[in-house]
Asks: 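Next up is a structure, given as C-alpha cells.
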Amino acid sequence: MTDALPADPLIALRPWQAPEVTSWGRLPMNAVDRRSGALSLDGDWRFQLLPAPDAPVGADWSSSYVPGVWTMQSAGADDLPQYTNVRMPFADFPPGSPDADPTGVYEREVDVPADWAGRRIVLQVGAAESVLLVHVDGRAVGISKDSHLAAEFDLTEMVRAGERAVVRLTVVKWSDASHIEDQDQWWHGGITRSVLLYATDPLHLADVTVRASYDGELRVDCRVRDARGALPDGWHVSGELDGQLLAQDREFDRVNAEDDRVSDFLGEARLNATVPEVRTWNAETPELYGLTVRLHRPDGTVADTSQHRVGFRDVEIVGRDLLVNGERVFIRGVNRHDFHPLTGRTVSYEDMRADLVLLKRFGFNAIRTSHYPNDPTLYDLADELGFYVVDEADIESHDHAHEIADDPRYLGAFVDRVSRMVLRDKNHPSVIIWSLGNESDYGANHDAAAGWVRRHDPTRPVQYEGAAKLDWAATDDASDIACPMYAPLEDCVAHALSGRQTRPLIQCEYSHAMGNSNGTLADHWAAIESTPGLQGGFIWEFWDHGILQRVNDGRPVGRGGAGLYDNGVAAPGHRWAYGGDFGETIHDGAFIADGVVFPDRTPKPVLYEHREIAAPVRIECFRHEGIVLGNHQHFRGLEWLSGRWELSLADGRTLTAPAELPALRPGETAAVPLPLAIPGDGGEAWLTLRVTTAEDQPWAPRGTDVCAPQVRLRGPSVSWEVPVDGAVEVDGEGLLVHPLLTAAPTLSLWRAPTDNDELGGIAVRWRTWGLDALVRKVVSVRQDGGLVTVAAEYAGTVGVVRHRQVFTPVAGGIRIDEEAELPEEFHDVARVGSVFETVPGLDLLEWFGQGPWESYPDRSVGAPVGHHSVPVDELFTPYLRPQESGGRHGVRRFTLSAADATGLAVVLDEPRQVSVTRHRAEDLTAASHHDELVPRSGCVVHLDAAHRGLGTASCGPDTSPSYLIPPGVHRWSWTLRVL
Ligand code: GAL
Ligand code: MG
C-alpha cells in the first residue's frame, strides 16, 4: 500500500478541522495495563512528510524512529521545532488550521503471531500529535485526537493471525485540536509514545476500578466484555492482594440481578476486602500492595488478568484544608512536562525515574503534570516513590481561550480529554487531584467536564485555575481548590486571614524558575507554614526545555546525542536551543528555559534552597543552652535519617560530633543539650546539623544529603585593622595600583540583567538611567601620610553618584573604606559595590560565608554558613541565556589563590554578596547563549555592599521591598592582602 485512497473516509472527512470529531473507531479508555505481553512496534518505520494531510502519498520513503517526533529527526527535514508561549504559530482562528500542514505518514509491516488465532487483537498508539489517522492494509480503522493519551483500535476483523499486515499511522500536525493544545512549550509533530499490538481472549477485562481507602477497605470493580457479543453464563472474577484471595461480591451481583435496569450484558463484578492493620499510602511512606484481578471463563479457566498496585489512602477537603489520610499535608510541588533535550517529548522509564529521584532528593512531594497527562509510567513511579499528583487534562486554549471555553463545537473535546484522563489514571494512589487543564478561560465546557469527573470519581477533588481565579472564595464553580498562579504572597496571606476562605489555597504555579530566579521562595514558605489556610504550591517548572542543537547547521542533535553535554553545559559546537534558534519567526525566545534543572537535569542552585526549605528536621537554639529539634514531616519518624553536628568557627576551624536523632513522631519536638562546647576564642560560630539518609531509600542511597539546618551560636567579634606605616599607590585617575589586580576596584551599580530583570521591566530602567555605562571622573586624590582618599563621580544619564575610597595601609595589606551616595533618581539599582579584576592563575576561591552553591539575598536559606572551597571555573552557573550568575551571599572573607598558594585575601566588614567569575557583566549582557562566552583568564570580582534580590518578575511578583536597594549613602570596607 503506498497511496492514500482518494475515497479514504479518514481524509475525505477532513477531521483535522472538525472539533466535534474527537475520535472515530477508538476503543474506550481504561485502566488495564496491556504493556506486558504485548508486541512492541517501536523502532524504525517507513516515513514520509507530506505538505498537507490531503496531499498524495508518494513512493519515496525515508525512515523515522518510533516513538519520536519528526521535528527532532532528520526525516523531518525542514520541519523543525518551534517555540511559542501564548500565541498560536498560525493565524487561522479556531477551529481552522493552515493549508500548509506537515503530515507524517508512518508505515510498517506487522507479523501477527500465529498463536493469536481466535483472539481479540488491539493496536495501541501511545500518543500522537495532533491528529492520528489509522489504516491497516489500506482500510480505514480510526481517528484519535489528544496528543497525550493513548488510542486503542480493535483490529480483530482487520488482520489475521500468522499473516502480515501493513499498519499506516498518519499524523497531522496542525488541527482544530492544536487550538486546545496551545501549551507553553515546543511545537512538534510525531508519535511520542510507544506503539504496540496486543491480544486478549474475546472474553476480557474492559476496565478495572480500584478504590482503596485509609481504613483498609478495598473495592475492585471489574467491567467485563466479550468481543463475540453476549457474555457467557457463569463467567466470574477473582483476585489476590499480596497473596490474600479476594472473592467476588455476591451481594453486589444479587443487587444487580434484582435491578430491572440491568440487562444480561451488564458485565460488572466486584471484589471486596478489608485489610486489617493496613499499611497506608502517603508520599512519605508510599506503601503499595500488589493486586491481581482474574477473569474466569465459566469452566474456571483464566481468560484475562490485570495487575495493579494499590495504595490505601484517602483524600478529602474539609473546610479550607486538603487532607491526605486526615492530615493537612504541605504541597511542595513542581510542574513537570514530558521533556527530553534529545527527543523533544519522548521520555524513557530511566528518564522519568531520574526526574522523580532528583525531586525526592530535593524535598519535593508533589507534581502537577503540566499541562497534559504525562507518560503513564510517570504515575507508576509516583505511586512507588511517593508523590502527590495533580493530573492535568490536555486542554489549553491560551491564545483563543475566550472563544473556545463556551464553544459547543469543543464541548465534546473537553469532556473527552478530561474523562479519558480520569479513566486511565483513576487507580493511582499518587493522583490526588484532577485538573481540567490550563489557561483556557472559564466556560460551560469546563463545567461539563467538571460535572463528568465529580459524578464519576467522587473520591478526588477537581481543580481548575481559570474557574477559581474570579473569586477565590466562591463555592459554586468548577474548582474545589483555589489554585492561582503567581499570586502575590501578601494576597494569599490576606485571603487566608480574611475569614472568607472557603476552600484550600494551593498555587498551581508560583516562583517562576527562569534563569537566575526564585527569589523569596523561603519567604513564601515561612508564610505558608505559619498561616492556616495556605498549603503550598507548585513551582514553575521542572525543566529548562533547551533542545541540544548543533551550532554549525542549526539542527537538533536528536537521539544520538547522549554524552554531548555535561553538568548543564552543551559540548563544544553545540548549545541548548531556545525559541528562535531553529529559524522560527514567531517565537518566544528563552521563556522556554524556566526550570529548576538544566536541560540535562543538572540541578540549578534553587534546588538546594528548596531542599532546605523542605527540611524534615528543623533546629532552633534554645536560650543559648540547648537545641530544640523538631520532626517536620507529616507521617514519618526520624529513624530513616542520621545526623552529624558541625560547628563552624570564624577562625577557620570546623568541629564535628555525631548526632543522635531523638525518636520523634511527626510534629513533635525535643530539647537536646548543645552537642559541642563552643571554644572561647574563634569568633562567630554556627552550628549545623548535617542530615543524611540512614539507610538506602528507593530514591537515595544511604548517606545522601537530606538537609542541613543551622543556627548561629555566637555573633561576629568586631576586630578591625589598625593603620600601620606604609604606602598605597594610586595612578593619576585615583585608581589603585596593585600587583595582583589588572583592573582596580571601581564602583559598580550594574549586573548582567537576569531574565527577571529583563522581562520584569527592571533592566530597561537601569539602562535608561545609564547604569550599564556609568562614566567615571576622578574629582580629587588626597594623600595624607600613608592614607589616600580618592573622590570620584560616576555619571549616568539622569544622575550622578558620588563615590569615595579611602586607602589605608594596614598590617600586610590595604584597608579600603568606600562610600557611595546614590541620587534619588537611582531608587532601585542592581548592586552597590566594588568590582575589580585579578591577574590570571588565581583559580581557587575559599571563603567563610554562605555556600557552597550560588546564593543571593532573597535566595539564601539553603546555603549554610561555613568554610567553603570551590574552583573559580565552577562558581559560575551556566544559565542558558547568560546573565548575572555565580554570586555568594553572606561572605565574611575569602582568598583567591593559585596552585602554589600565592594569591590574595579579602576580609569584609560585614557579610556581603561576593561573586568571582571569568566574565564581566558586559560580557554576560552581550551573549545570548552560553557557548558564546569566552572566559577571561583572570577573575572578575564583585564585592557588594548591597545586591538587589532576584524575585521572579519574568512571570509573577518581583522581589519584596526589603530586598531592594534604596538611594542614599552606602558604606562598605574591606582589606586586601597578598598571600
Ligand atoms: C503560566 C502557564 C505556564 C507557563 C508559565 C510561564 O501562565 O500556565 O504554562 O507559560 O506561565 O512560564
Ligand atoms: Mg499558556
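Residue indices begin at 1 and follow the sequence shown. Just so you know, ligand 1 is whichever comes first in the structure, and atom 1 is the first atom listed for that ligand. What you see is a predicted model, and the numbers here were worked out from it, not measured in a lab. No hydrogens, no waters, no symmetry mates; every other heavy atom, side chains included, goes into these values.
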Asks: Just by modelled atom types, is the Ser860 backbone N or O under 3.5 Å from a matching donor or acceptor in the Glu609 side chain?
Replies: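 Yes: the side chain of Glu609 pairs with the backbone of Ser860.
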Asks: Show which atoms of ligand 1 fall inside a sub-4.0 Å distance from at least one heavy-atom site of His371.
Replies: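 Counting atoms of ligand 1 from 1, those under 4.0 Å from His371 are 3 (C), 8 (O), 9 (O).
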Asks: Any atoms of ligand 1 less than 4.0 Å from a non-hydrogen atom of Asn85? List them with their elements.
Replies: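 The atoms of ligand 1 under 4.0 Å from a heavy atom of Asn85 are 10 (O).
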Asks: Using the benzene-type ring in the case of Trp, are the ring centres of His371 and Trp540 under 6.0 Å apart?
Replies: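 Under 6.0 Å, so yes.
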Asks: Below 4.0 angstrom from a heavy atom of Asp594, which ligand 1 atoms are there? Numbered from 1 as shown, please.
Replies: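 Going through ligand 1 atom by atom, the ones under 4.0 Å from Asp594 are 12 (O).
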Asks: Which atoms of ligand 1 are found less than 4.0 Å from any heavy atom of Glu509?
Replies: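 In order of numbering, the contacting atoms are 1 (C), 2 (C), 3 (C), 5 (C), 7 (O), 8 (O), 11 (O).
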Asks: Can a salt bridge be assigned to the pair Lys604 and Asp544 using a cut-off of 4.0 Å between side-chain N and carboxylate O?
Replies: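 Looking at Lys604 and Asp544, the cut-off is met.
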Asks: At what distance is the nearest protein heavy atom to atom 7 (O) of ligand 1, and which residue and atom is it?
Replies: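 Checked against all protein heavy atoms, atom 7 (O) of ligand 1 sits closest to Glu439 OE2, 2.3 Å.
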Asks: Within the distance-only criterion (no hydrogens, no angle test), does the side chain of Arg193 pair as donor or acceptor with the backbone N or O of Gly68 below 3.5 angstrom?
Replies: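 Looks like no, no N/O pair under 3.5 Å.
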Asks: Identify whether the distance between the nearest side-chain nitrogen and carboxylate oxygen of Arg460 and Asp480 falls below 4.0 Å.
Replies: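 Asp480 and Arg460: not salt-bridged.
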Asks: How does Gln183 reach ligand 1, if at all, at less than 4.0 Å between non-hydrogen atoms: by side chain, backbone, both, or neither?
Replies: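 The answer is neither.
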Asks: Quick test of your reading of the model: are Asp471 and Lys469 salt-bridged, counting only N-O distances below 4.0 Å?
Replies: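 No salt bridge links Asp471 with Lys469.
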Asks: When only distance counts, is His512 in polar contact with ligand 1, meaning an N/O pair under 3.5 Å?
Replies: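 Looking only at distances, the answer is yes, because the N/O contact criterion of under 3.5 Å is met.
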Asks: Of the non-hydrogen atoms in Ala393 and Val418, which two are nearest, and what is the gap between them?
Replies: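 Shortest heavy-atom contact: CB-CG2, 3.7 Å.
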Asks: Without swapping roles, check the side chain of Tyr388 against the backbone of Ala283 for a donor-acceptor pair under 3.5 Å.
Replies: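 Yes, Tyr388 side chain to Ala283 backbone: donor-acceptor pair under 3.5 Å.
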Asks: Is it true that Lys173 and Glu129 make a salt bridge, defined as a side-chain N closer than 4.0 Å to a carboxylate O?
Replies: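 Not counted as a salt bridge, because no side-chain N and carboxylate O are separated by less than 4.0 Å.
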Asks: Please write down residue, atom name and distance for the protein heavy atom closest to atom 5 (C) of ligand 1.
Replies: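 Result for atom 5 (C) of ligand 1: Tyr486 OH, 3.3 Å.
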Asks: What is the total of protein N/O/S atoms that are closer to the Mg ion (ligand 2) than 2.8 Å?
Replies: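 Count of protein N, O, S atoms less than 2.8 Å from the Mg ion (ligand 2): 3.
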Asks: Starting from atom 10 (O) of ligand 1, locate the nearest protein heavy atom and write down its residue, its atom name and how far away it is, to 0.1 Å.
Replies: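 Residue, atom and distance for the closest contact: Asp184 OD2, 2.4 Å.
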Asks: For Phe591, take its heavy atoms, then give the atoms of ligand 1 lying under 4.0 Å from any of them.
Replies: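 This gives 6 (C), 12 (O) as the contact atoms.
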Asks: Got a salt bridge between Arg87 and Asp182, using NZ or NE/NH1/NH2 to carboxylate O under 4.0 Å?
Replies: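 Salt bridge between Arg87 and Asp182, a charged N being under 4.0 Å from a carboxylate O: no.
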Asks: Does the N or O separation between Asn438 and ligand 1 drop below 3.5 Å for any pair?
Replies: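 Looking only at distances, the answer is yes, because the N/O contact criterion of under 3.5 Å is met.
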Asks: Using a 3.5 Å distance criterion without hydrogens, assess whether the side chain of Arg859 forms a donor-acceptor pair with backbone atoms of Ser517.
Replies: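 Looks like yes, one N/O pair under 3.5 Å.
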